[in-house]
Engineer: 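Got a structure here, written out as structure tokens. Questions coming.
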Amino acid sequence: MNTIQIFLKPCEGKALIADALVSREDIQTALRQHTVVLIAGTTNAWLAKAISRCLGAPEFEASGFCRGVIRGEGPTVQNKKTPFDFIVRQGEILSEQTIFDVADTLSGQDIILKGANAVNLRDGSAGVLIGAPSGGTMIPILQAALGRRTKLIHPVGVEKRVTRPIRELAALVNATEAEGLRLLPTPGIPYTELDALRDLFGVKAELIASGGVDGCEGGCLFQLDCSQGADSTAIRSYFHRLRLDASRL
């Protein structure tokens, strides 16, 4: 068996996911002919950069492109002014717009991409943490996804994997007597590094280990099966470039 192993830090995994998504035919078609909505988030910041390059637009400023973040002290709300989302309609980047502005205009030909906080790799489900009493951006997202059949994709790294079904975890944290954030099981499809490796290189990838030190905490080790003709040299070259790019954000 022709295999190679790749270790990715979370930021590198996000860059990989972005590169793979922007290369997908459905994303490309929606960018040019329909509407693509990227909800502000750290993973989508990479995707917004990739889409900006694809459209020949000025480089996207990724700093602060999130609403809530989890740091050492736990989940916090982004202390800057709530950012606008990144929205492209028929090849044009809309300025100063959010999902709340465009949800009612979306259809089944459009795509929403929203990061997730939990992913179950076994059953392919995802969950989003809810901090706002109003439900946050997931309310208009669900209106579009369920009411208008808009495609909903969750770019999410495998470091956010959980073992119990998302709905069981949601029942625990959403109980009346519970405290803290809530967890929403979503109808969207998670898209991880495993999917990205398949789509970009035509390889079957397995997550075989995780963890590290000196900035590699949360990193994951993948084994790629290149026996179906994948170019291992090209793959190694891609990840060399990716690490250089990821170190700049």
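Keep in mind the model is a prediction, meaning the values are calculated, not measured. Quick note: residue numbers are just sequence positions, from 1.
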Engineer: Would a 4.5 Å heavy-atom cut-off, applied to side chains only, mark Ile51 and Leu38 as touching?
Structural biologist: yes

Engineer: What donor-acceptor contacts under 3.5 angstrom involve side-chain atoms of residues 187-194, with partners at least two apart or in another chain?
Structural biologist:
residue	atom	partner	partner atom	Å
Tyr191	OH	Asp199	OD2	2.6
Thr192	OG1	Leu194	N	3.1
Thr192	OG1	Asp195	OD2	3.4
Glu193	OE1	Val158	N	2.9

Engineer: Working note: Val162 + Val119, criterion side chain to side chain contact (heavy atoms under 4.5 Å, CB included); need CA distance, chi angles, decisive distance, verdict.
Structural biologist: CA-CA 6 Å; Val162 295; Val119 58; over 6 Å; no

Engineer: Is the shortest side-chain heavy-atom distance between Thr3 and Cys226 below 4.5 Å?
Structural biologist: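 When only atoms from C-beta onward are counted, Cys226 and Thr3 do not touch, as no gap falls below 4.5 Å.
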
Engineer: Please tell me if the side chains of Leu221 and Gln5 come closer than 4.5 Å, counting only heavy atoms from C-beta onward.
Structural biologist: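 Yes, at least one pair of side-chain atoms sits under 4.5 Å.
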
Engineer: Identify, with sequence neighbours excluded, every residue that meets salt bridge (Lys or Arg N to Asp or Glu O under 4.0 Å) alongside Glu206.
Structural biologist: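 Partners of Glu206 by the salt bridge (Lys or Arg N to Asp or Glu O under 4.0 Å) criterion, ordered by chain and then number, come out as Lys204.
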
Engineer: With sequence neighbours left out, what residues match Phe60 under ring pair (Phe, Tyr, Trp, His ring centres under 6.0 Å)?
Structural biologist: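 Counting only residues at least two positions away or on another chain, Phe60 forms a ring pair (Phe, Tyr, Trp, His ring centres under 6.0 Å) with Phe65, Phe86.
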
Engineer: Taking Ala116's backbone N and O only, do any of them form a donor-acceptor pair with His154's side chain (distance below 3.5 Å, no angle check)?
Structural biologist: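 No: the side chain of His154 does not pair with the backbone of Ala116.
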
Engineer: Just by distance, do the side chain of Glu92 and the backbone of Gln90 share a donor-acceptor pair under 3.5 Å?
Structural biologist: no

Engineer: Search all heavy atoms of Pro10 against all heavy atoms of Gly218 and return the closest pair with its distance.
Structural biologist: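 Scanning both residues, the minimum pair turns out to be CG-O, 3.6 Å.
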
Engineer: Given the rule in the side chain to side chain donor-acceptor pair (under 3.5 Å) test, do Arg236 and Ser232 qualify, once you have shown the distances and angles that lead to the verdict?
Structural biologist: CA-CA 6 Å; Arg236 293 182 191 276; Ser232 60; 5.0 Å; no

Engineer: Is the shortest heavy-atom distance from the side chain of Val36 to the side chain of Asp110 under 4.5 Å?
Structural biologist: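 No, their side chains stay 4.5 Å or more apart.
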
Engineer: Any link between Ile139 and Leu183 through a network of hydrophobic side chains (Ile, Leu, Val, Met, Phe, Trp, Tyr) touching at under 4.5 Å?
Structural biologist: no

Engineer: Group every Ile, Leu, Val, Met, Phe, Trp and Tyr by side-chain heavy-atom contacts under 4.5 Å, then state whether Leu200 and Phe239 land in the same group.
Structural biologist: yes

Engineer: Are the side chain of Asp101 and the backbone of Gln97 linked by a donor-acceptor contact shorter than 3.5 Å?
Structural biologist: no

Engineer: Within the supplied structure, the quantity of interest is the number of heavy atoms (other residues, nucleotides, ligands) at a distance under 6.0 Å from Arg149 CZ; does it exceed 12?
Structural biologist: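 12 or below, so no.
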
Engineer: Compare every heavy atom of Asn44 with every heavy atom of Pro155, then report the nearest pair and how far apart it is.
Structural biologist: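 Closest pair (atom of Pro155, atom of Asn44, distance): CG-OD1, 3.6 Å.
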
Engineer: Going from OG on Ser125 to CG on Asn120, what distance comes out if it is rounded to the nearest 0.5 angstrom?
Structural biologist: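 Rounded to the nearest 0.5 Å, the OG-CG separation comes to 4.5 Å.
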
Engineer: Would you compute the distance between atom CG of Leu207 and atom CZ of Arg161 and round it to the nearest 0.5 angstrom?
Structural biologist: 5.0 Å

Engineer: Between Thr42 and Cys66, is a side chain to side chain contact (heavy atoms under 4.5 Å, CB included) present by the stated rule, with each step listed?
Structural biologist: CA-CA 6 Å; Thr42 57; Cys66 58; 4.2 Å; yes

Engineer: If you look at every heavy atom in Gly212 and Glu217, which pair is closest and at what distance?
Structural biologist: O-CG, 3.3 Å

Engineer: Residues in salt bridge (Lys or Arg N to Asp or Glu O under 4.0 Å) with Arg89, at least two apart?
Structural biologist: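 If we apply the salt bridge (Lys or Arg N to Asp or Glu O under 4.0 Å) test to Arg89, skipping adjacent residues, there are no hits.
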
Engineer: Once you round to the nearest 0.5 Å, how far does CD of Gln223 lie from CD1 of Ile208?
Structural biologist: 5.0 Å

Engineer: Kindly indicate, with the supporting measurements, whether the criterion side chain to side chain contact (heavy atoms under 4.5 Å, CB included) is fulfilled by Ile235 and Asp231.
Structural biologist: CA-CA 6 Å; Ile235 293 174; Asp231 186 340; 5.7 Å; no

Engineer: Would you say that more than 12 heavy atoms from the other residues, nucleotides or ligands in this model lie under 6.0 Å from the CZ of Arg198, or not?
Structural biologist: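 More than 12 heavy atoms, drawn from other residues, nucleotides or ligands, come within 6.0 Å of this atom.
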
Engineer: Of all the heavy-atom pairs spanning Ala230 and Val203, show the shortest one and how long it is.
Structural biologist: CB-CG1, 3.4 Å

Engineer: Tell me if a side-chain donor or acceptor on Glu59 pairs with a main-chain N or O of Ser52 at a distance below 3.5 Å.
Structural biologist: no

Engineer: Taking Thr29 for its side chain and Glu25 for its backbone only, find out whether a donor-acceptor pair lies under 3.5 Å.
Structural biologist: yes

Engineer: Quick one: does Asn117's side chain have a donor or acceptor within less than 3.5 Å of a partner on Leu129's backbone?
Structural biologist: yes

Engineer: Please name the pair of heavy atoms, one in Val22 and one in Gln28, separated by the smallest distance, quoted to 0.1 Å.
Structural biologist: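 Between these two residues, the closest heavy atoms are O-NE2, 2.6 Å.
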
Engineer: Starting from Ile17, can I reach Phe7 by hopping between I/L/V/M/F/W/Y residues whose side chains sit under 4.5 Å apart?
Structural biologist: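 Phe7 does not cluster with Ile17.
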
Engineer: So Arg148 and Asp104, do their side chains get closer than 4.5 Å, heavy atoms only?
Structural biologist: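 Contact flag for Asp104/Arg148 side chains = yes.
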
Engineer: State, with a plain yes or no, whether a side-chain heavy atom of Leu224 is found less than 4.5 Å away from one of Ile6.
Structural biologist: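 A side-chain contact under 4.5 Å exists here.
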
Engineer: Can you list, by chain and residue number, the hydrophobic cluster partners of Leu142 when the side-chain cut-off is 4.5 Å?
Structural biologist: Val37, Ile39, Ile87, Leu94, Ile99, Phe100, Val102, Leu106, Ile112, Val128, Ile130, Met138, Ile141, Leu146, Leu152, Leu184

Engineer: Does a side-chain N-to-carboxylate-O contact under 4.0 Å join Asp26 and Lys151?
Structural biologist: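 Yes.
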
Engineer: Do the non-hydrogen side-chain atoms of Ser107 and Thr150 ever get within less than 4.5 Å of each other?
Structural biologist: no

Engineer: Test your reading of the model: is there a side-chain donor-acceptor pair from Arg167 to the backbone of Pro185, 3.5 Å cut-off?
Structural biologist: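 Not at all, since once roles are kept as given, no pair shorter than 3.5 Å links the two residues.
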
Engineer: Please report the interatomic distance SG(Cys54) to CZ(Arg32), rounded to the nearest 0.5 Å.
Structural biologist: 5.0 Å

Engineer: Run the salt bridge (Lys or Arg N to Asp or Glu O under 4.0 Å) test against Lys9 and tell me which residues pass, sequence neighbours left out.
Structural biologist: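 If we apply the salt bridge (Lys or Arg N to Asp or Glu O under 4.0 Å) test to Lys9, skipping adjacent residues, there are no hits.
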
Engineer: Could you grab the distance from atom CG of Leu242 to atom SG of Cys11, nearest 0.5 Å is fine?
Structural biologist: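 Leu242 CG to Cys11 SG: 8.5 Å, rounded to 0.5 Å.
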
Engineer: If I take atom CG from residue Leu113 and atom CD1 from residue Ile27, how far apart are they, to the nearest 0.5 angstrom?
Structural biologist: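 Reported value, rounded in 0.5 Å steps: 5.0 Å.
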
Engineer: Please find the pair of heavy atoms, one from Ile166 and one from Ala118, that lie closest to each other, and give the distance.
Structural biologist: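 Of all heavy-atom pairs spanning Ile166 and Ala118, the closest is CD1-CB, 3.9 Å.
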
Engineer: Please tell me if the side chains of Leu16 and Glu12 come closer than 4.5 Å, counting only heavy atoms from C-beta onward.
Structural biologist: no

